[in-house]
Amino acid sequence: MRWGIYEITDRSVPVEQMCDRALLAADSIKGQYNEFFAVYDDNLCHKLLREKAITDAIEPALLEEQFIVYFQPKYSLRENRMAGAEALVRWCHPEWGLLAPGEFIPLFEKNGFISRLDRYVWEHTCRQLRAWKDQGYPLLPVSVNVSRADVYQLNLVEVLLQLANKYEINPKYLHLEITESAYAENPGQLISTVEQLRKQGFVVELDDFGSGYSSLNMLSQMKLDILKLDMKFTRNELEKSAEQSIMNDIISMAHRIGLHVVAEGVETKEQVDRLRAIGCDYVQGYYFAKPMPAVEFEKILHERNHNEQG
């Protein structure tokens, strides 16, 4: 049982609103098993108003293309060069400035808008890949996020194929990052969808490995291409001694079942050296590059192209 408490200080507030505020307080401790009651206060009020403002701003943001796709490079440890990127969304609001995903993504997942945002990012990513192709750059794969809602609410295979055909992009250049939470809801449907996507040439990555509990189950039941280690998992394991860390075992297991491994959140040379020593294939993180707008990423592409031709 969870209790939400709203203290009545203004009797002119409608009873329905009082109840809503008490419910909001109760919702704020959802999942916190050692908390049994919460009192509505100004912080909850501000949070509610902020969420409403963000929700109201969604449609204009889409129409005005306020959402910007950033690209964070991935590097091959074997070849010591950039081998791809991840597409990440930022919201450049005319009044609020640049919003980090942590402020709006959880809300979009809750209110169901996440599928529309994902499709927006997929479209802009394919459009950008086409632009780089037209400029003569050798294409590198870019990974995009696929949320749980995309798997169960969209005709995912058809939507992604249409985008690839529209921009004349080989599906192998579009990597699809799926989190284990998608598996928990309906394993059978996800396994079938992933199988169809791979048959069409898309590369499927298991994202955030190490952040939950069902990842090993996914690996045993579903054919994938890439295992992406969660940022916190990577850092925590690399802080341990080689004898205590399970990182080496995870990478060996992944290779044994035919998966390449990407480590997220790499920030130091020591981390890079250790990951290289234990056979990690790719790394992504601030040590190499932060997420950046397409125009900045293009400079890296240009430099890479120039070095290869030289």
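- Within 6.0 Å of CZ in Arg119 there are 12 or fewer heavy atoms belonging to other residues, nucleotides or ligands.
- Val142 and Tyr120 fall within the same hydrophobic cluster, defined by Ile, Leu, Val, Met, Phe, Trp and Tyr side-chain heavy atoms under 4.5 Å apart, directly or through other members.
- Across Tyr6 and Arg21, no two heavy atoms sit closer than the pair OH-NH1, 3.2 Å.
- Under 3.5 Å, the side chains of Thr193 and Gln189 contain no donor-acceptor pair of N or O atoms.
- Within 6.0 Å of the CD atom in Glu65, the count of heavy atoms belonging to other residues, nucleotides or ligands exceeds 12.
- Asp207 has its side chain within reach of Asn145: a pair of non-hydrogen atoms, C-beta onward, lies under 4.5 Å apart.
- In this structure, Asn248 contributes its side chain and Ile251 its backbone to no donor-acceptor pair below 3.5 Å.
- Not a single donor-acceptor pair under 3.5 Å links the side chain of Ser192 to the backbone N or O of Gly188.
- In terms of heavy-atom proximity, Ala57 sits nearest to His93 at CB-NE2, 4.1 Å.
- Under a 4.0 Å N-O distance rule, the pair Glu35/Arg2 does not qualify as a salt bridge.
- How far NZ of Lys223 is from CZ of Arg198: 6.0 Å, rounded to the nearest 0.5 Å.
- Atom NZ of Lys232 has 12 or fewer neighbouring heavy atoms from other residues, nucleotides or ligands inside a 6.0 Å radius.
- With rounding to the nearest 0.5 Å, the separation of NE2 in His124 from CG in Leu163 is 11.5 Å.
- Taking 4.5 Å as the limit, every side-chain heavy atom of Val89 sits out of range of all side-chain heavy atoms of Asp118.
- Under the 4.0 Å criterion applied to side-chain N and carboxylate O atoms, Glu296 and Lys290 are not assigned as salt-bridge partners.
- In this structure Asn155 satisfies the side chain to side chain donor-acceptor pair (under 3.5 Å) test together with Glu158, sequence neighbours excluded.
- Under the 30°/60° scheme for interplanar angles, the aromatic rings of Phe67 and Trp91 are found to be tilted.
- The closest side-chain heavy-atom distance from Arg78 to Asp281 is below 4.5 Å.
- Between Trp122 and Val159, some side-chain heavy-atom pair lies under the 4.5 Å cut-off.
- At least one donor-acceptor pair closer than 3.5 Å links the side chain of Gln271 to the backbone N or O of Glu267.
- Salt bridge status for Lys240 with Glu237: present, with a side-chain N to carboxylate O gap under 4.0 Å.
- Taking CZ of Phe202 as the start and CG of Leu160 as the end, the distance is 5.0 Å to the nearest 0.5 Å.
- The distance from the NZ atom of Lys166 to the CD atom of Gln162 is 9.5 Å, given to the nearest 0.5 Å.
- The closest donor-acceptor contact from the side chain of Asp150 to the backbone of Ser147 lies under 3.5 Å.
- Between Val69 and Ala87 the shortest heavy-atom distance is CG1-CB, 3.8 Å.
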With side chain to side chain donor-acceptor pair (under 3.5 Å) as the test, would you mind laying out the steps for Arg276 and Asn80 before giving the verdict?
CA-CA 10 Å; Arg276 182 182 283 115; Asn80 289 315; 2.8 Å; yes
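- You'll find the side chain of Met1 stays beyond 4.5 Å of the side chain of Phe36, heavy atoms only.
- Here the side chain of Ser28 pairs a donor or acceptor atom with the backbone of Ala25 at under 3.5 angstrom.
- Between Lys110 and Glu51 there is a salt bridge, with a side-chain nitrogen of the basic residue lying less than 4.0 Å from a carboxylate oxygen of the acidic one.
- In terms of modelled atom types and a separation under 3.5 Å, the side chain of Arg127 and the main chain of Tyr167 share no donor-acceptor contact.
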Return a table of donor-acceptor pairs under 3.5 angstrom between the side chains of residues 170-178 and protein atoms on other chains or two or more places apart.
residue	atom	partner	partner atom	Å
Asn170	OD1	Lys172	N	3.0
His175	ND1	Glu205	OE2	3.0
His175	NE2	Lys172	O	3.4
Glu177	OE2	Ser143	OG	2.8
Glu177	OE2	Lys228	NZ	2.7

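- Taking CD of Glu103 as the start and CD1 of Ile105 as the end, the distance is 11.5 Å to the nearest 0.5 Å.
- The two residues Glu298 and Trp132 come nearest to each other via the heavy atoms OE1-NE1, 3.0 Å.
- With contacts defined as side-chain heavy-atom distances shorter than 4.5 Å, the pair Ile58/Leu117 does not qualify.
- Put simply, CG on Leu24 and CG on Asp20 are 8.5 Å apart, with the number rounded to the nearest 0.5 Å.
- No more than 12 heavy atoms of other residues, nucleotides or ligands lie within 6.0 Å of CH2 in Trp3, so this atom counts as exposed by the packing criterion.
- Between Ile54 and Phe108 the shortest side-chain heavy-atom distance falls below 4.5 Å.
- Residues Glu168 and Lys133 are not paired through a salt bridge, judged by the lack of any N-O separation under 4.0 Å between the basic side chain and the carboxylate.
- In the hydrophobic clustering of ILVMFWY residues, with side-chain heavy atoms under 4.5 Å counting as a link, Val144 and Tyr282 come out apart.
- Put simply, the side chain of Val261 does not reach to within 4.5 Å of the side chain of Phe209, judged on heavy atoms.
- At distances below 3.5 Å, at least one donor-acceptor pair connects side-chain atoms of Arg304 with backbone N or O atoms of Met82.
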